[in-house]
Protein chains: 2
Amino acid sequence: MAKLDESLIAALAPFQKLDRHQIREILDQAVPKRHDEGSEIFREGEEADRFFLLLDGFVRVVRTTPTGEQVILRHIPPGQLIGIAPALGRPTYPASALSASESLTLAWPVRLWAVFLERYPGFASHAMSAMGQRFQELHDHVTELATKAVEQRVAACVLRMVNQSGRKVEGGIEIAFPVTRANIAEMTGTTLHTVSRLLSAWERDGIVESRRKHIVVTAPHRLVILSGATG
Amino acid sequence: MAKLDESLIAALAPFQKLDRHQIREILDQAVPKRHDEGSEIFREGEEADRFFLLLDGFVRVVRTTPTGEQVILRHIPPGQLIGIAPALGRPTYPASALSASESLTLAWPVRLWAVFLERYPGFASHAMSAMGQRFQELHDHVTELATKAVEQRVAACVLRMVNQSGRKVEGGIEIAFPVTRANIAEMTGTTLHTVSRLLSAWERDGIVESRRKHIVVTAPHRLVILSGATG
DNA sequence: GTCGTTTATTGATCTTGCGCAAACTCCGGA
DNA sequence: TCCGGAGTTTGCGCAAGATCAATAAACGAC
C-alpha cells in the first residue's frame with residue numbers, strides 16, 4: 001500500500017501544531033477507507049473500537065428510534081474527527097455515521113486515543129474545544145426544537161448546511177452534498193411533505209432553487225429573516 | 001472560616017480515587033457558597049472564570065432565546081460538576097445555572113481545572129465519561145423533541161426527574177425539588193396550559209398526585225407506557 | 001429504450017395542541 | 001387578617017402541521 005501523503009492532514013485542526021515526523025507517525029498507524037454515498041461508516045450500538053478522521057466528503061450522524069424513525073443529529077464536514085465516543089468512555093457508538101456523499105476516512109484503533117492525547121501537543125486541547133463547540137451546537141439544536149416553529153427550523157437548518165458547506169455557484173450558494181426533503185425533515189423533526197411545501201413556497205418567492213437532492217440558496221438574507229434569528 | 005470536612009466530597013464520583021491528603025488539598029482551594037431557591041449561580045454569557053461542584057440541592061440549567069423564552073436544558077443532582085464549559089475552551093458560560101432548591105456549591109478558579117486533570121488520578125477519566133454521558137443525554141433529548149408527541153415528552157420528562165431525584169413517600173415517588181407546570185413546559189417545548197391539562201388527566205387516572213410545585217408519581221409503570229419507551 | 005425505484009409535488013382532510021381568557025387556590029408578607 | 005402575587009385549572013376557538021392519497025418527475029439497472 002502506498003504511504004499516505006503528509007499534506008493530507010498536516011493542515012487540519014487536530015494536528016496543526018505537529019511537526020513532519022509526528023504527522024508521519026500518525027499517518028503510518030491510520031487505516032484509510034473510501035465510502036460510497038449512503039454507506040455506513042459505523043453503526044449505532046456497535047462496539048466502538050475505532051475513531052475516525054473525515055478527510056473528504058460529508059457524513060451524516062443518525063439515530064434510529066425504537067419506532068423506526070430516523071433523526072439526523074448533525075452533518076460533519078471534512079477535516080473533523082468522528083466516532084470519538086469511545087474516547088469518552090462509551091463502549092458502543094451512540095449513533096450511526098452514514099456517508100452523505102462519497103467520502104474518505106482515516107481510522108485508528110481506540111487505544112491510540114490516549115496516546116494521541118498525551119503525545120501530540122494541541123491534540124488534547126483541540127479535542128476539548130471541539131467537544132465544547134459540539135455541546136454548544138446541541139444546546140442550540142434543543143433550544144430550536146423547543147421554541148421555534150417548523151418554518152423557522154427548516155430555514156435555520158438549510159442555513160446551517162449552507163454555512164458549513166456552501167459553495168458558490170452562479171445564482172447563489174449551493175449545499176455541497178446531496179440532501180433530500182426527507183433528510184431535512186429528519187433534521188428538523190417534521191415531515192417530508194411539509195419540507196417540500198416550504199421549499200416550493202420559497203422557490204416561488206425566489207429565495208431558493210432546488211433540483212432533486214440539491215439546494216441552491218439565492219437569497220440567504222431572506223432565509224435568515226425567516227429563521228427568526230434575532231440579532 | 002471553618003475548614004470543610006473531607007467527608008463532603010471524598011465519596012463523590014469525581015474524587016473517588018483520591019486519598020485524604022489530596023481531598024484536603026482540593027477542599028482548601030474551594031470556595032463554598034449557599035444559594036437560595038431561585039437564585040443564579042452563574043449567568044449565560046458571563047465570563048467563565050470558575051467551575052463548581054454541586055454538594056447539595058438541585059440546579060436547573062437554562063437558556064434564554066432572543067425572543068425571551070426560556071428553555072431548561074437539564075437538571076443537575078448533587079455530587080456533579082457544573083459550569084465546566086471553561087474547561088472546554090469556552091470563554092463564557094453557554095447557559096445560566098439557577099438553584100432549583102436551596103443548594104450548596106463549591107467553586108474553584110478555572111485555572112485549577114488543568115491542575116485537577118493532571119494531578120488527580122481518575123478525575124480526567126471521570127470528566128471524560130461524564131461528558132460522554134452528557135452527549136448521550138443531549139442526543140436523547142433532541143431525538144425526543146424531534147419525534148415524540150407532547151404527552152410522551154412530558155411523561156418522559158417527569159420520569160426522568162423521578163429517576164434522577166425520586167424519593168419514596170407514602171403513595172408513590174416524589175420529585176425531590178420544586179417543579180412548576182411552567183418549568184415542565186420549558187423542558188419539553190410546550191406550554192404550561194398543556195402540561196397542566198396532562199397532569200390533571202393523569203391525576204384523574206391515578207397516575208400522579210400533585211400539589212403546588214410538587215409532583216408524586218403513583219404509577220410509574222403507566223407513565224413509562226405513556227412515554228412511548230419501546231423497550 | 002423500458003421498467004422499477006427513489007424522490008418530489010400537491011391537494012384534501014383531520015387532529016393536536018396553542019392562544020387567549022377567566023377564574024381559582026395557595027402562600028407569604030404587611 | 002387581608003392583600004397581592006405566583007402558580008394552577010379549565011373552556012373555547014383556531015391554525016399549524018400531520019396524515020392520507022394520488023400523481024409526477026428523475027434516475028439507475030438492464
Side-chain angles (χ1 to χ4, degrees), chain A residues 36-39 60 65 67-72 98 100-102 144-155 157-158 175 177-205 208-216 226 228, chain B residues 36-39 60 67-70 72 98 100-102 144-155 157-158 175 177-205 208-216 226 228:
Chain A
D36 284 327
E37 181 177 331
S39 68
R60 256 192 268 284
T65 68
T67 53
E69 292 129 311
Q70 298 228 319
V71 178
I72 297 179
L98 304 182
S101 58
E102 184 181 334
E144 198 176 290
L145 284 168
T147 62
K148 287 187 177 176
V150 168
E151 181 169 32
Q152 299 183 311
R153 298 209 298 269
V154 174
C157 170
V158 170
I175 295 171
F177 50 88
V179 210
T180 66
R181 310 292 185 265
N183 291 151
I184 296 178
E186 286 161 4
M187 283 181 258
T188 53
T190 178
T191 62
L192 75 160
H193 307 277
T194 300
V195 173
S196 178
R197 279 182 243 269
L198 286 171
L199 286 177
S200 297
W202 294 346
E203 185 133 21
R204 273 192 291 280
D205 290 355
V208 303
E209 283 167 23
S210 69
R211 310 180 282 300
R212 166 180 258 243
K213 286 196 179 192
H214 289 275
I215 298 177
V216 177
L226 279 179
Chain B
D36 284 327
E37 181 177 330
S39 69
R60 256 192 268 285
T67 54
E69 293 130 311
Q70 298 227 321
I72 297 178
L98 304 181
S101 58
E102 185 181 333
E144 199 176 290
L145 284 169
T147 62
K148 287 187 177 176
V150 169
E151 181 170 31
Q152 298 183 311
R153 298 209 298 270
V154 174
C157 170
V158 170
I175 295 172
F177 51 88
V179 211
T180 67
R181 310 292 185 263
N183 291 152
I184 295 178
E186 286 161 4
M187 284 182 258
T188 52
T190 180
T191 61
L192 76 160
H193 309 278
T194 301
V195 173
S196 177
R197 279 181 248 269
L198 286 171
L199 287 177
S200 297
W202 293 346
E203 184 134 22
R204 272 192 291 279
D205 290 357
V208 303
E209 284 167 20
S210 70
R211 310 180 282 300
R212 165 179 260 245
K213 285 194 178 196
H214 289 274
I215 298 177
V216 178
L226 280 180

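Convention: sequence-line order gives letters A, B, ...; per-chain numbering from 1.
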Without decimals, in angstroms, what is the distance between [X] [atom1] and [N] [atom2]?
{"X": "Arg197(A)", "N": "dT23(D)", "atom1": "CZ", "atom2": "P", "answer": "16 Å"}
{"X": "Ile215(B)", "N": "dT8(D)", "atom1": "CD1", "atom2": "C1'", "answer": "12 Å"}
{"X": "Leu198(A)", "N": "dT9(C)", "atom1": "CG", "atom2": "C1'", "answer": "13 Å"}
{"X": "Glu203(A)", "N": "dT9(C)", "atom1": "CD", "atom2": "C1'", "answer": "12 Å"}
{"X": "Glu37(A)", "N": "dG28(D)", "atom1": "CD", "atom2": "P", "answer": "10 Å"}
{"X": "His214(A)", "N": "dA8(C)", "atom1": "NE2", "atom2": "P", "answer": "10 Å"}
{"X": "Leu192(B)", "N": "dT25(C)", "atom1": "CG", "atom2": "P", "answer": "18 Å"}
{"X": "His193(A)", "N": "dC14(C)", "atom1": "NE2", "atom2": "C1'", "answer": "14 Å"}

Exercise for the section: Tell me which nucleotide among dA18(D), dT9(C), dT9(D) gets nearest to the side chain of Ser200(B). Expected result: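 Looking only at side-chain atoms, Ser200(B) lies closest to dT9(D).
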
Problem - Candidate pair Thr65(A) and Thr67(A), rule side-chain hydrogen bond (donor to acceptor under 3.5 Å, both in side chains), full reasoning - result: CA-CA 5 Å; Thr65(A) 68; Thr67(A) 53; 3.0 Å; yes

Exercise for the section: Run the numbers on Val179(A) and Met187(A) for side-chain contact (heavy atoms from CB on, under 4.5 Å), then give the verdict. Expected result: CA-CA 11 Å; Val179(A) 210; Met187(A) 283 181 258; 4.0 Å; yes

Exercise for the section: Using a 4.0 Å heavy-atom cut-off across all strands, classify Ser196(B) as base, sugar-phosphate, or nothing. Expected result: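 Here Ser196(B) touches the bases of the nucleic acid.
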
Fill in the blank from the handout: Assign each of Lys148(A) and Lys213(B) the nucleotide of DNA chain D bearing its closest heavy atom; nearer the 5' end lies the nucleotide of Lys213(B)

Exercise for the section: Walk me through it: do Glu37(B) and Lys213(B) pass the test salt bridge (charged side-chain N to carboxylate O under 4.0 Å, His left out)? Expected result: CA-CA 13 Å; Glu37(B) 181 177 330; Lys213(B) 285 194 178 196; 3.5 Å; yes

[N] OP1/OP2 closer than 4.0 Å to side-chain N/O of [X]:
{"X": "Arg212(A)", "N": "dA26(D)", "answer": "no"}
{"X": "Thr194(A)", "N": "dG17(D)", "answer": "no"}
{"X": "Thr180(A)", "N": "dT7(C)", "answer": "no"}

Practice task
Using modelled atom types only, decide if a donor and an acceptor are shared between the side chain of Thr188(A) and the backbone of Ile184(A) within a distance under 3.5 Å.
Solution key: yes

